[in-house]
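Working notes, beginning with the structure itself.
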Number of protein chains: 2
Amino acid sequence: MLTINDASKRTNLPVKTIRYYDEVGLVMATGRTPAGYRLYDDRSCQKLGFVQRARQFNFSIEECRELLSLYEDHGRPSRDVKKITLSKLALLQRQLDDLTTLTLELQTLANQCTGDDRPDCPILNNFSAGPLASEA
Amino acid sequence: MLTINDASKRTNLPVKTIRYYDEVGLVMATGRTPAGYRLYDDRSCQKLGFVQRARQFNFSIEECRELLSLYEDHGRPSRDVKKITLSKLALLQRQLDDLTTLTLELQTLANQCTGDDRPDCPILNNFSAGPLASEA
DNA sequence: GTTGACCCTCCTGTTACTGGAGGCTTTATA
DNA sequence: TATAAAGCCTCCAGTAACAGGAGGGTCAAC
């Protein structure tokens with residue numbers, strides 16, 4: 001059993017955030033010490049990690065709650081689970097496209113800069129034809 | 001010149017959000033009609049699109065402001081631009097890794113569900129050895 | 001010439017935290 | 001063993017980035 005600080009170190013989530021997730025019932029502490037300190041086990045840390053990634057890609061707390069419940073609710077028809085999960089996956093695919101576009105935009109910016117002191121980096125002109133029309 | 005509504009349609013950003021970006025000076029309207037209506041040109045729409053993607057991946061408004069200024073400030077040594085841009089790219093690489101992990105987690109969940117009514121989808125057990133140890 | 005779709009500003013509300021005060025508990029140190 | 005530092009608690013206030021809505025002007029169309 002880990003203290004909240006240890007769980008924080010393991011997941012890279014701030015202590016405050018972990019406390020918040022417990023408070024709103026998203027990822028509850030596994031237990032408490034007699035003094036009232038929160039305790040977390042491996043499984044809670046897994047959930048925290050999962051939530052962290054999902055939150056990073058703009059799944060709301062409520063959506064995270066739903067996804068976690070999919071993982072846990074064995075009484076739920078797997079048909080439902082599959083349907084919901086696939087729709088989330090479609091979202092992630094779009095995210096992946098956008099992430100790729102953004103990365104390209106920044107990479108182009110970095111490449112245009114020779115790295116010397118010449119003060120000229122007018123990248124917006126370059127992709128002003130649109131994010132995906134960068135093959136000129 | 002586009003109205004705020006047209007800019008909204010072109011960028012898929014809510015009108016409210018575009019108004020907000022103007023208000024905080026992130027992406028200002030190109031001009032105003034005599035009646036005070038905001039006007040946007042192609043370049044503003046480009047910026048809005050860029051900000052949209054950057055925001056989606058958790059760059060703050062202030063970071064977006066900085067990135068946009070890199071694009072625009074021709075008086076800035078390209079050395080600086082390159083340095084800052086590369087550090088943002090490193091962040092994006094981490095995002096990409098996390099996005100991949102999350103996608104894998106959800107895909108595993110979807111695959112485990114045969115899609116019939118059998119109510120058993122205990123995916124957390126499967127990756128409880130860690131997000132990257134899913135080759136069991 | 002008025003109806004309906006847009007636009008404006010201003011103000012309040014929401015989500016998901018973040019920081020800090022005030023006050024126990026546990027651990028390291030003298 | 002005393003005490004100081006570090007860690008934990010609750011509670012409350014603040015922040016970022018919007019979103020909703022009131023109240024009211026504007027513009028194209030019938």
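Treat the numbers as computed from the prediction; the structure is a model and nothing was measured. Chain naming here is simple, since letters A, B, ... match the order of the sequence lines and numbering starts at 1 in each. Hydrogens, waters and symmetry mates play no part in the numbers below; they use all other heavy atoms, side chains included.
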Is R38(A) near enough to dT10(D) that one of its side-chain N or O atoms lies under 4.0 angstrom from OP1 or OP2?
yes

On DNA chain D, does the nearest nucleotide to I61(B) precede the nearest nucleotide to A35(B) from the 5' side, or the other way round? Give the residue.
I61(B)

Considering only heavy side-chain atoms of R55(B), the closest of dT26(D), dG7(D), dC18(D) is dC18(D)

Atom CG of L26(B) and atom P of dA17(D): how far apart are they, to the nearest Å?
9 Å

For R65(B) and G25(B), the nearest pair of non-hydrogen atoms, with its separation, is NH1-O, 3.3 Å

Using whole Å, report how far OH of Y20(A) lies from P of dA13(D).
17 Å

Does a side-chain heavy-atom distance below 4.5 Å link T11(B) with Y40(B)?
no

If you compare all heavy atoms of K88(A) against all heavy atoms of L106(B), which two are closest, and at what distance to 0.1 Å?
CB-CD1, 3.8 Å

Could you tell me whether S60(A) contacts a base, only the sugar-phosphate backbone, or nothing, with contacts defined as non-hydrogen atoms closer than 4.0 Å?
sugar-phosphate

Rounded to whole Å, how long is the line connecting atom CD of E23(B) with atom P of dA16(D)?
13 Å

Heavy-atom closest pair, residues S44(A) and D41(A):
OG-OD1, 2.5 Å

To the nearest angstrom, the CG-P distance between L2(A) and dG7(D) comes to 15 Å

Reckon T17(B) has a side-chain N or O less than 4.0 Å from the OP1 or OP2 of dA19(D)?
yes

Nearest non-hydrogen partners of R55(A) and S60(A), listed with the distance:
NH1-CA, 3.8 Å

Expressed in angstrom and rounded to an integer, what is the separation of R19(A) atom CZ from dC12(D) atom C1'?
14 Å

R32(B) with D22(B): basic N within carboxylate O range, under 4.0 Å:
yes

Answer yes or no: does a side-chain N or O of Y37(B) lie under 4.0 Å from OP1 or OP2 of dC27(D)?
no

Scanning both residues in full, the closest heavy-atom pair of L99(A) with L92(B) reads CD1-CD2, 3.7 Å

Which is more 5' along DNA chain C, the nucleotide nearest I4(B) or the one nearest P34(A)? Just name the residue.
I4(B)

Outermost DNA chain C nucleotides near chain B [under 4.0 Å, heavy atoms]:
dC6(C) to dT9(C)

Nearest-Å distance, NZ (K16(B)) to C1' (dA19(D))?
6 Å

Nearest-Å distance, OH (Y21(B)) to C1' (dA17(D))?
8 Å

